[in-house]
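Working notes, beginning with the structure itself.
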Amino acid sequence: THTHTHTTRRAAKLTLHLAISISAITRAHSQTTNRSYIVRFPDLLFWLEPGVISFVYAQSSFALRLQHRQKQTHKPTHTTHHIMPQQQQSICRWGHRAPLKATAKINFSQGRLALGAGNDAARDVLKELTRARGELLASMCSLSTPVDTIDGSFLSYLGLLKGIGSYKPKSGAPAAQAPPPQATETSEASADAASSDPPQPATSSSSSSSSSRMKSAVVYKWTDNVTGKTSVVSDVDFEEAMMYINIALWHMKHASKLALGDIDSEDLQKGIYKSLQTAAGIFALLEQKKSQLPYYPNSDLDERMITVQRMQALAEAQEVTVERARQKQHKPELLAGLARDTYEKFEEAEATVSSVDASFVASYKTYLQFKKVFYQAYALCYTGVCLFAQEKCGDSVKALQQAKEMLSKAAVLAKQYSSWPIKNNLRYHTSCGFDPRAHRIFQSLSQDITTALDKSERENGFIYFHKIPATDIEPLPGQGLVKATPYAEPSLSPLWSEAEFHLNKIPLKGEVYSADKASDDDAPISETPDEEVKKPTVHNEAFCVVS
């Protein structure tokens, strides 16, 4: 009995030591390195082949759990800086998201524009405009609102708004003229006070039409994500552009919201992909309409910012394609091509935003630089894998060495991006303190590079003996699959067919005090509740980009 007990204790102790050794091996090296290991004990020697490691590790899991329970009663007092699995599960910042733009409440049924309503149909149009705008803004407060609901409300409001800008007086109706639209930019805190100050002309054009009095009858207020200020503009085209930008931002944030679900669901992946494509299509439409839009440099309406955000949406949609291809274990040639195309999209976006005032877009530019360098490393990694399969071992080693160097640069840029403070009280991103090296996408690529480089160097040292080239290896050609979804302008609402306005009865701002007061030009900005997801599920790290 004593001998049996002694043997059992010795076996248990041996199992515990073996489990600890196997745990150390698997932490230091991937099981796919195809290496053998020697495990030494005071009186025993084990030779473990790759296939045995997994078996022994599984058999010793009980001993590891036992050791974990024992250590719980003796927790260390010092703070560890290692990246733990619990931290990995809480990471959900992988993309740059601007906040939804805030605006002031508008009642079209009262004020200067309402004085020009010539019949009941015109008054019904103004009531419907007020209702449609409020309904749209309310539905955008939640990122979980169905896309069809958002798009339906948006197109309904834009179809009604279109009538203000395109209204032509009925035959025989008296015409009226008004000066060009006026605009001011103020800080958000002083928007109310500044809106009563004499506004400055937004353009130098002196031409005006009979319908311009109608277009400039309502004052529109919107926050600007680039400057952090509030723009106050009497121009219906400005309102239309701001709504387009806001709906595009909503689609990008909606994609982030979807990423917090069961990311293995193909329908969910398609939803993320389509939302980003739709956002890109809306920004593309704004690019086409730039000649019709008011232009303010270094602002949300700067055509460079609109172009950059279109590129960003397309590049992030391509990221979904890249990650799905990796999960489905597609050929390295495809992965390298997709990553190359993604890298080039972010590179083009970075080059465009570089011409904008750096004081406004510094953190945004850093984000684009990070993504550019990261996907350059991604493309080089799988280019190296392809070269190894072609028995070009020296070129493979060089490409993988470049990938490793690029990934190190990406880590520095990502850390710099995450350290940017929140600017102008606007939540450009919520990644402060986020270590991107803990994200699953980053860790997966890092592991792939390490594994492939180790294998190429080992085989080159034992079999091929190829010379490692001094010049850099070019990644495989890009393969772009993602395209923006065309977004068509809504047609004019049929409610305008019977509406009649007397333009000569619409006063200019400042002409009639009672009309100005009824227009509520001093209405404060109402912040749009910017829904933020606090915690992801354990399955969604790959695509989670909420910020």
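Heavy atoms only: backbone and side chains are in, while hydrogens, waters and symmetry mates are out.
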Could you list the residues that satisfy side-chain contact (heavy atoms from CB on, under 4.5 Å) with S355, not counting sequence neighbours? R304
Review item, side-chain donor-acceptor pairs of residues 275-284, under 3.5 Å, at least two apart:
residue : atom : partner : partner atom : Å
S275    : OG   : G271    : O            : 3.2
Q277    : NE2  : K483    : O            : 2.9
T278    : OG1  : K274    : O            : 2.8

What pairs with D395 under side-chain contact (heavy atoms from CB on, under 4.5 Å), at least two apart in sequence or on another chain? L387, K392, P469, I473
To the nearest 0.5 Å, atom CG of L407 lies from atom CZ of F374 at 6.5 Å
Output every pair passing side-chain hydrogen bond (donor to acceptor under 3.5 Å, both in side chains) with a member in residues 401-413, not counting sequence neighbours, ordered by first then second residue. none
Using atom types as modelled, flag every donor-acceptor pair under 3.5 Å from a side chain in residues 152-159 to any protein atom, sequence neighbours excluded.
residue : atom : partner : partner atom : Å
S153    : OG   : E135    : OE2          : 3.4
S153    : OG   : T149    : O            : 3.1
Y157    : OH   : R133    : NE           : 3.4
Y157    : OH   : E239    : OE2          : 2.6

Partners of D357 by side chain to side chain donor-acceptor pair (under 3.5 Å), sequence neighbours excluded? S359
Could you grab the distance from atom CG of D300 to atom CZ of F360, nearest 0.5 Å is fine? 11.0 Å
State which residues pass salt bridge (Lys or Arg N to Asp or Glu O under 4.0 Å) with E240; sequence neighbours excluded, sorted by chain then number. K289
Has the side chain of T103 got a donor or acceptor atom that lies under 3.5 Å from a matching backbone atom of K221? yes
Return the orientation label for the Y367 and Y364 ring planes: parallel under 30°, perpendicular over 60°, tilted otherwise. parallel
State whether the side chain of W250 and the backbone N or O of S142 hold a donor-acceptor pair below 3.5 Å, judged by distance alone. yes
Apply the side-chain hydrogen bond (donor to acceptor under 3.5 Å, both in side chains) test between Q312 and each candidate in Q309, E316, R310; give the one that qualifies. E316
With sequence neighbours excluded, tell me which residues meet side chain to side chain donor-acceptor pair (under 3.5 Å) with T307. E287
Do any pairs count as a side-chain hydrogen bond (donor to acceptor under 3.5 Å, both in side chains) and have a residue in residues 334-344, sequence neighbours left out, and if so which ones? Q318-D341, R340-E344, R340-E474, D341-K345
Go through the side-chain N and O atoms of K371 and Y375 and say whether any donor and acceptor fall under 3.5 Å apart. no
Can you name the residues that form a side-chain contact (heavy atoms from CB on, under 4.5 Å) with L492, not counting sequence neighbours? K162, S166, W496
To the nearest 0.5 Å, how far apart are CG in L445 and CD in Q447? 10.5 Å
Y378: partners by side chain to side chain donor-acceptor pair (under 3.5 Å), with sequence neighbours left out: none
Under 3.5 Å donor-acceptor, T145 side chain and I150 backbone: no
Using side chain to side chain donor-acceptor pair (under 3.5 Å) as the criterion, list what pairs up with H254, not counting sequence neighbours. none
Counting only heavy atoms not in Q329, do more than 12 fall under 6.0 Å of its CD? no
